[in-house]
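See below for the structure under consideration.
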2 protein chains.
Amino acid sequence: MRKTTIKDVAKYANVSIATVSRVINNSPLASKEAKKKVLQAIRELGYEPNALARGLVSRKSNTIGVLIPDVSNPFFAKVFRGMEDAVHKNNSNVFICNTDKDKERMLRYIKFLREKQVEGVIFTSEEVTKEYYEALYSLNVPVVLVATEAKEYNLPAVKVNDYQAVSDAIKYLVDNGHSNIGMISGPLEDKIAGLPRYEGYKSTLMEMGIPFNEENVVFGDYRFESGKKAIKELLSKNPEITAVFVSSDEMAIGSIVGACKMGIEVPKELSIIGYDNVSISEMSNPALTTIDQSLYQMGYQGVELLFEMIEKQKKEDSRICKGDTIYIPHRIIERESVSNLIQLNI
Amino acid sequence: MRKTTIKDVAKYANVSIATVSRVINNSPLASKEAKKKVLQAIRELGYEPNALARGLVSRKSNTIGVLIPDVSNPFFAKVFRGMEDAVHKNNSNVFICNTDKDKERMLRYIKFLREKQVEGVIFTSEEVTKEYYEALYSLNVPVVLVATEAKEYNLPAVKVNDYQAVSDAIKYLVDNGHSNIGMISGPLEDKIAGLPRYEGYKSTLMEMGIPFNEENVVFGDYRFESGKKAIKELLSKNPEITAVFVSSDEMAIGSIVGACKMGIEVPKELSIIGYDNVSISEMSNPALTTIDQSLYQMGYQGVELLFEMIEKQKKEDSRICKGDTIYIPHRIIERESVSNLIQLNI
DNA sequence: AAACTAACTGTAAACGTTTACAGCATTATT
DNA sequence: AATAATGCTGTAAACGTTTACAGTTAGTTT
């Protein structure tokens, strides 16, 4: 059963296909009368233009691609939701690609996006390796990085300043009277969210006149279970710790649960501050004090930037799409998992 | 900058575009020699076929649409992840549409999917109203329902049997010695997840010889905050309750937190069982005992079914796509939020 | 009344593919 | 030796749009 085409509409309305096309795209070249006839025909036949054909001749697919590790992870889910809303505000669509941080999947998807003639792509939360950069470059469309950056390639990016955010978190703990501060970090090989946070922790401690001690940091993989394990390890290495900065909310909640199983009460005996402000952080018991990354906004803004670049590229017909990193604001969300030692001592 | 096309490849390899096309689609009509020349040319020119043009002539977009309330909700995120994996296993792509349970958005998206020539659509977790059904029907492609059903329209669906699942949950509580069992339900106007679960609760209670009491059920909206509020309301109406079935995990975790704030210990003084087995249910404290819906599998299977139907429709050239509801298995995940009264009494 | 303009309309070419069809060697069959 | 079959190739039409261009009509200016 063939779908209704522009030809059918033209015949039905007794005009040429050019006129129909003009009406659809409401060009000023169509007369009132023609418009009326055509609109009527469209309604009666239930016509809907074929985006494939449109895209082919206009060279516009109205589609962008999003490369993201895993939408089922609450962190990415939130970021993606922001992206999606921005995409639809711009009357466009999005192909989503879960890469699982797998090289082959990533490369396959990039190829795929090319075939689909996407007009831009968002690359989320992974390190931009040389191989990835080349694949992206060959796409020949604007690329925006979200929750990651790649200064060496000069790609535009939207993220929070991790170093600064962690630094603020540590200062907050110190302001609350803590000086024996531990950390549960992501892996240091992770150049995006691992290393910079670790360094933020280390430098800020030193800046505040607190000696840095390697024993006070333990590593995890950002997930719940690893937080549960890590807190035990940390506390067994140094039971004197009164507060710990944890590199992700999920892992932080793991630490709370882990501490609880050890009979340690949060925040009375141990303060915990997380990172991300993912929705589950309000649901933990006690509710998690954390660094808000405005994930939704990060996604939204990344896509907005992408559309600006697409617009710009179209005008200038330039091939190269460079840009700086835009740092979006972060802030501390005070909930229940950090106690104020100073107040307590008064 | 024009992209490399099949013509460029043909010229470069000194063959006709038909031959190039044959090689790309590895048709047996291409000779070994031609294949070699063409492949070489493709590699050197970095050619990638244009999916828009392909789709136009072959009338295949290799794309399906997913209508889903909100991917940033962990429930849907998990379901969607299953869908996405199934889609990519079938060498296809997916347009995702967050409807926010908003009628206008839904209708707009359906129109949209039609323009994009999707070959099938997944409709998730909402009631199929007459208006929606008609919009979907006009798409003229197979539709599969996931986490919802619509017997009156005979649409194929994949979901768990809510009534049975709730019934099992109640029996489980009874088996653990509870007889004063409350419920935090979704709204009864919700024909998909509200009413059936409420009825499962009511009937099973009666079946087990426990009188049903309207006072023992309180309503929420499945979200955390409403669970927190609801448990207070429930307990104030009837402090004798020893266990409560809560219609979603998020709301159940809210109840745990709410109870805790009231100084009531879960599960020692109050048992709570949830519904969904969303990833955060392992992260609550105590970890939540719940009914597993295999969300990932639900999404995966829904998409698999959709592809089968697309295949079938292509062969039979039939317009109508009817089907039964496939109930996928559910099971009780025993964690820490339900206590066994019988064991305790021994 | 001729020439020009304005406001619209239709024809046809393009977009980048797939594929039916016809054609041409080459080999196999009579 | 003529015919048939096989294996491959290229030409051209189609897919459903957009849009440059030429054409038509009616109204305005001279």
Side-chain angles (χ1 to χ4, degrees), chain A residues 1-39 41-42 45-63 112 114-119 140 314, chain B residues 1-39 41-42 45-63 111-119 140 314:
Chain A
M1 259 229 306
R2 264 185 61 263
K3 287 208 174 126
T4 314
T5 74
I6 201 172
K7 279 184 202 157
D8 302 323
V9 176
K11 198 176 287 172
Y12 193 91
N14 235 320
V15 293
S16 72
I17 58 168
T19 300
V20 177
S21 173
R22 285 184 194 111
V23 173
I24 295 170
N25 300 289
N26 46 61
S27 137
L29 292 178
S31 70
K32 276 236 151 105
E33 207 197 351
K35 208 172 267 183
K36 212 181 113 190
K37 278 196 294 185
V38 171
L39 255 19
I42 288 176
L45 298 173
Y47 167 75
E48 212 82 63
N50 180 329
L52 261 36
R54 281 186 137 175
L56 182 55
V57 28
S58 66
R59 290 144 176 289
K60 290 206 48 190
S61 62
N62 268 316
T63 303
F112 187 81
R114 168 126 76 129
E115 288 183 11
K116 291 289 181 177
Q117 315 293 311
V118 295
E119 297 176 30
N140 228 336
K314 219 179 292 171
Chain B
M1 260 227 308
R2 265 184 60 262
K3 288 208 175 129
T4 314
T5 74
I6 201 172
K7 278 182 202 158
D8 302 323
V9 176
K11 196 177 288 173
Y12 194 92
N14 237 320
V15 294
S16 73
I17 58 167
T19 300
V20 176
S21 174
R22 284 183 194 112
V23 172
I24 294 169
N25 299 291
N26 46 62
S27 137
L29 290 179
S31 69
K32 275 240 153 103
E33 207 196 350
K35 206 170 269 181
K36 211 180 116 190
K37 277 195 294 183
V38 171
L39 256 19
I42 287 176
L45 298 173
Y47 168 75
E48 213 82 61
N50 181 329
L52 261 35
R54 282 185 136 173
L56 182 56
V57 27
S58 65
R59 289 143 177 289
K60 291 205 47 191
S61 64
N62 267 316
T63 303
K111 189 175 153 184
F112 187 83
L113 291 175
R114 169 129 75 127
E115 289 185 11
K116 290 288 183 178
Q117 316 292 314
V118 294
E119 296 175 30
N140 227 336
K314 218 178 296 171

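Below, chains carry the letters A, B, ... as their sequence lines are ordered, and counting in each starts from 1.
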From the options Val15(A), Leu45(A), Thr19(A), select the one residue that forms a side chain to side chain contact (heavy atoms under 4.5 Å, CB included) with Val9(A). Leu45(A)
I need the CZ-C1' distance between Arg54(B) and dG16(C), as an integer number of Å. 11 Å
Take atom NZ of Lys37(B) and atom P of dT9(D), then tell me their distance rounded to the nearest Å. 8 Å
Restricting both atoms to N or O, compile the protein contacts to nucleotides 11-15 of chain C shorter than 3.5 Å, with distance only.
unit_1, atom_1, unit_2, atom_2, d
dC15(C), O2, Val57(A), N, 3.4

Whole angstrom value for the distance that separates P of dG16(C) from CG of Leu45(B): 15 Å
Within this structure, what is the CG-to-P distance between Asn26(A) and dT18(D), rounded to whole angstrom? 12 Å
Check the distance between dA20(D)'s P and Asn25(A)'s CG and give it to me in whole angstrom. 12 Å
What is the minimum heavy-atom distance between Ala10(B) and Val20(B), and which atoms define it? CA-CG2, 3.7 Å
Can Ile17(A) and Thr5(A) be said to form a side chain to side chain contact (heavy atoms under 4.5 Å, CB included), step by step? CA-CA 10 Å; Ile17(A) 58 168; Thr5(A) 74; over 6 Å; no
What's the NZ-C1' distance between Lys60(A) and dG16(C), to the nearest Å? 19 Å
Do the side chain of Glu115(B) and the main chain of Pro49(A) share a donor and acceptor less than 3.5 angstrom apart? no
With a non-hydrogen cut-off below 4.0 angstrom, is Ala51(B) in contact with a base, only sugar-phosphate, or nothing? nothing
Pairs in or reaching into residues 51-62 of chain A: which pass salt bridge (charged side-chain N to carboxylate O under 4.0 Å, His left out), with residues at least two apart or in two chains? none
Quick check on DNA chain D: between Ala30(B) and Ile6(A), whose nearest nucleotide comes earlier from the 5' end? Ala30(B)
Look only at the side chain of Asn25(B) and the backbone of Ser27(B), and say whether a donor-acceptor pair between them is shorter than 3.5 Å. no
Can you see if the side chain of Ser21(A) gets near the phosphate of dT18(D) - specifically, an N or O under 4.0 Å from OP1 or OP2? yes
Please collect all side-chain hydrogen bond (donor to acceptor under 3.5 Å, both in side chains) contacts where either partner lies in residues 29-38 of chain A, sequence neighbours excluded, each pair once. none
Expressed as a whole number of angstroms, how long is the span from Asn50(A):CG to dT18(D):C1'? 13 Å
In whole Å, I'd like the distance from the CG atom of Leu29(B) to the C1' atom of dT18(C). 13 Å
